[in-house]
**Student:** 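Sharing a structure, written as structure tokens. Questions coming.
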Amino acid sequence: MSESGALAAAGFSPDELAAYELIITRPASTLPELAKAWDRTALVTAVVARLQARGFVTHDDGPERRYFAVDPDIALDTPLADYAERLRRARERVAELSQRYQARSTTGDGATLIEVVTGQRAVQQRITQLQFSARHEVCCLDKAPYLDAPGTAAGERELIGRGVACRTIYERAAVEAPGGLHEVEQLLVAGQQARVLPAVPMKLYLVDRRHAVLPLQREPTTVESAVVVHAPALLAALATLFDGLWERALPMRVPAQPGAGGRRSTVDEHRLVTLLLSGLTDEAIARQLTLGYRTVQRHIAALMTKLGAHTRFQAGVRAALNQQDQ
């Protein structure tokens, strides 16, 4: 949220907030002095007049009329209290409507237990809407086809910033795709919890274990519809499925940071192990790590020797167990 948006609850427009801040930083300024420092298209005289009418700004009785900002703790207390009261009443109304909705759901009306959303854009909007309604947790099974919903990564970072736990199980193909590992690692740095499996059975978004979205597809590369689930029994089954897959999946870790000398080792062993256990070929691993094919082969061979492993997968398993013990 922008700084101007943060005070929209107090009734400030962006121009009014800019003028208020200007007067705070330049107390006892005249209108001509404020106009010289004003960098917006709106007339500063009109904006200051609105602030004065609302009690945010005052001026002295001198001939030049020097302006002063009213202490924000005093000026903003009443409008923010009014906003908080309106928000409280709105939440009560939402709770009342939610109770009616849940009561209707228990009558067996299929329309309230399961929704069908059609059209790729509508599916994207529904997923985004449900994700941003999350209060505790968003669980996801990630596999192709990818919806590329606008702002998905940024939206997940915002959820994490609000304290919402975001857990994703990636199918191997998501990590293997060009740039896929880098994108996952950026979300790991932001706070996402991620694991990987060779394959996941479906695409799934599970929000607070109260709502779920299962995108559907006729063609391998497109999603044109989705089922939105509200039925408690189905939600419990989907949650059990996700929890079982989560236990089986390989944890993905935040990539190692450069050491004190400002350099990192040629290969981050955590990344190498993740890619090995994901079942990627040496060529795919080389692409993800942006290294030469023979360089990757040497590192895998060294890891196998170090761990006394006879196969690549065995080396990955032993290394993963060692990392969990650390």
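Given the structure is predicted, the values throughout are model-derived calculations rather than measurements. The residues of the chain are indexed from 1 along the displayed sequence.
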**Student:** Could you check Asp142 against Arg195 for salt bridge (Lys or Arg N to Asp or Glu O under 4.0 Å), going step by step and ending with a plain yes or no?
**Tutor:** CA-CA 10 Å; Asp142 188 73; Arg195 298 191 175 190; over 6 Å; no
**Student:** Using the rule that two of Ile, Leu, Val, Met, Phe, Trp, Tyr join whenever any of their side-chain heavy atoms come within less than 4.5 Å, decide whether Leu31 and Leu43 are in one cluster.
**Tutor:** no
**Student:** Mind running side chain to side chain contact (heavy atoms under 4.5 Å, CB included) on Leu250 and Leu197 for me, showing each step along the way?
**Tutor:** CA-CA 7 Å; Leu250 171 71; Leu197 282 172; over 6 Å; no
**Student:** What about Tyr83 and Phe56, same hydrophobic cluster or not, with Ile/Leu/Val/Met/Phe/Trp/Tyr joined at side-chain heavy-atom distances under 4.5 Å?
**Tutor:** no
**Student:** Please check this pair: side chain of Asp208 against backbone of Arg210, looking for a donor-acceptor N/O pair closer than 3.5 Å.
**Tutor:**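 A pair under 3.5 Å: no.
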**Student:** Taking Lys143's backbone N and O only, do any of them form a donor-acceptor pair with Lys203's side chain (distance below 3.5 Å, no angle check)?
**Tutor:**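 Indeed, once roles are kept as given, a pair shorter than 3.5 Å links the two residues.
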**Student:** In Å, rounded to the nearest 0.5 Å, how long is the span from OG of Ser225 to CD of Gln120?
**Tutor:**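 Reported value, rounded in 0.5 Å steps: 11.0 Å.
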**Student:** Check Ala134 against Arg162 and note the closest heavy-atom contact, atom names and distance.
**Tutor:**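 Here Ala134 and Arg162 meet closest at O-NH2, 2.7 Å.
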**Student:** If you draw a 6.0 Å radius around CZ in Arg89, do more than 12 non-hydrogen atoms from other residues or ligands fall strictly inside?
**Tutor:**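 More than 12 within 6.0 Å, yes.
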**Student:** If I take atom CZ from residue Arg65 and atom CG from residue Asp60, how far apart are they, to the nearest 0.5 angstrom?
**Tutor:**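 So the CZ of Arg65 and the CG of Asp60 are separated by 9.5 Å.
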**Student:** Please find the pair of heavy atoms, one from Tyr170 and one from Leu187, that lie closest to each other, and give the distance.
**Tutor:** OH-CD1, 3.8 Å
**Student:** What I want to find out is whether Arg50 reaches Glu16 closely enough, with some N-O distance under 4.0 Å, to be called a salt bridge.
**Tutor:**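 Judged by the 4.0 Å cut-off on N to carboxylate O distance, Arg50 and Glu16 do form a salt bridge.
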**Student:** What are the two closest non-hydrogen atoms of Ala239 and Leu206, and how far apart are they?
**Tutor:**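 Nearest heavy atoms, Ala239 then Leu206: CA-CD2, 3.8 Å.
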**Student:** Check the hydrophobic clustering (I, L, V, M, F, W, Y; side-chain heavy atoms under 4.5 Å; chains of links allowed) and say if Leu51 and Val70 are grouped together.
**Tutor:** no
**Student:** Would you mind checking if Asp61 and Arg66 are paired as a salt bridge, meaning a charged N to carboxylate O distance below 4.0 Å?
**Tutor:**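 Salt bridge absent between Arg66 and Asp61.
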**Student:** Show, in sequence, the C-alpha distance, side-chain angles and deciding distance for Val228 and Val117, and conclude whether the side chain to side chain contact (heavy atoms under 4.5 Å, CB included) test is met.
**Tutor:** CA-CA 7 Å; Val228 182; Val117 180; 3.8 Å; yes
**Student:** Start with the C-alpha distance between Arg88 and Glu85, add both sets of side-chain angles, then the distance that settles salt bridge (Lys or Arg N to Asp or Glu O under 4.0 Å), and finish with yes or no.
**Tutor:** CA-CA 5 Å; Arg88 184 190 64 78; Glu85 176 60 20; 2.5 Å; yes
**Student:** In terms of hydrophobic clustering (I, L, V, M, F, W, Y; side-chain heavy atoms under 4.5 Å; direct or indirect links), are Val200 and Met202 co-clustered?
**Tutor:**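 Same hydrophobic cluster.
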**Student:** Check this for me, if you would: do Asp243 and Arg167 make a salt bridge, where the nitrogen-to-carboxylate-oxygen distance has to be below 4.0 angstrom?
**Tutor:** yes
**Student:** Measure the shortest side-chain to side-chain distance between Val213 and Val227 over non-hydrogen atoms and say whether it is less than 4.5 angstrom.
**Tutor:**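 Val213 vs Val227: side chains apart.
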**Student:** Closer than 3.5 angstrom, by distance alone: can the side chain of Thr25 be matched with the main-chain N or O of Leu22 as a donor-acceptor pair?
**Tutor:**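 Between the backbone of Leu22 and the side chain of Thr25 there is a qualifying donor-acceptor contact (under 3.5 Å).
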**Student:** In the single-linkage hydrophobic clustering (I, L, V, M, F, W, Y; side-chain heavy atoms under 4.5 Å), do Ile24 and Phe68 co-cluster?
**Tutor:** no
**Student:** Passes salt bridge (Lys or Arg N to Asp or Glu O under 4.0 Å), Arg26 versus Glu33? Steps please.
**Tutor:** CA-CA 9 Å; Arg26 295 171 179 265; Glu33 289 170 342; over 6 Å; no
**Student:** Of the non-hydrogen atoms in Ile160 and Gly191, which two are nearest, and what is the gap between them?
**Tutor:** CD1-C, 3.7 Å
**Student:** Please lay out, stage by stage, how Arg121 and Gln124 fare under the test side-chain hydrogen bond (donor to acceptor under 3.5 Å, both in side chains).
**Tutor:** CA-CA 5 Å; Arg121 184 175 180 181; Gln124 291 175 343; over 6 Å; no
**Student:** Can you tell me which residue among Arg157, Gln186, Glu156 is in a side chain to side chain donor-acceptor pair (under 3.5 Å) with Gln192?
**Tutor:** Glu156
**Student:** How many angstroms lie between OG1 in Thr128 and OH in Tyr205, if you round to the nearest 0.5 Å?
**Tutor:** 8.5 Å
**Student:** How far does CD1 of Ile169 sit from CD of Gln193, to the nearest 0.5 angstrom?
**Tutor:** 11.0 Å
**Student:** What's the shortest heavy-atom distance between Leu204 and Ala212, and which atoms?
**Tutor:** CD1-CB, 4.1 Å
**Student:** Restricting to non-hydrogen atoms, name the atom on Leu188 and the atom on Ala194 that form the minimum distance, rounded to 0.1 Å.
**Tutor:** CD2-CB, 3.6 Å
**Student:** Does Leu291 offer a backbone N or O that forms a donor-acceptor pair with the side chain of Thr295 under 3.5 Å?
**Tutor:** no
**Student:** Out of curiosity, Ile23 CD1 to Thr58 OG1, how far, rounded to the nearest 0.5 Å?
**Tutor:**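 Reported to 0.5 Å precision, the distance equals 9.0 Å.
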**Student:** Roughly how far apart are His230 NE2 and Leu235 CG, rounded to 0.5 Å?
**Tutor:**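 Spacing of NE2 (His230) from CG (Leu235) equals 8.5 Å.
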**Student:** Look at Arg40 together with Asp15 and state whether they make a salt bridge at an N to O cut-off of under 4.0 Å.
**Tutor:** yes
**Student:** Is the side chain of Tyr67 donor-acceptor paired with the backbone N or O of Val48 at a distance under 3.5 Å, no angle test?
**Tutor:** no
**Student:** Applying side chain to side chain contact (heavy atoms under 4.5 Å, CB included), run through Glu224 and Leu216 and close with a yes or a no.
**Tutor:** CA-CA 7 Å; Glu224 293 297 335; Leu216 306 175; over 6 Å; no
**Student:** Let's go through Val47 and Tyr20 carefully: what are the C-alpha distance in whole Å and the side-chain angles of both, what is the deciding distance for side chain to side chain contact (heavy atoms under 4.5 Å, CB included) to 0.1 Å, and is it a yes or a no?
**Tutor:** CA-CA 9 Å; Val47 177; Tyr20 187 56; over 6 Å; no
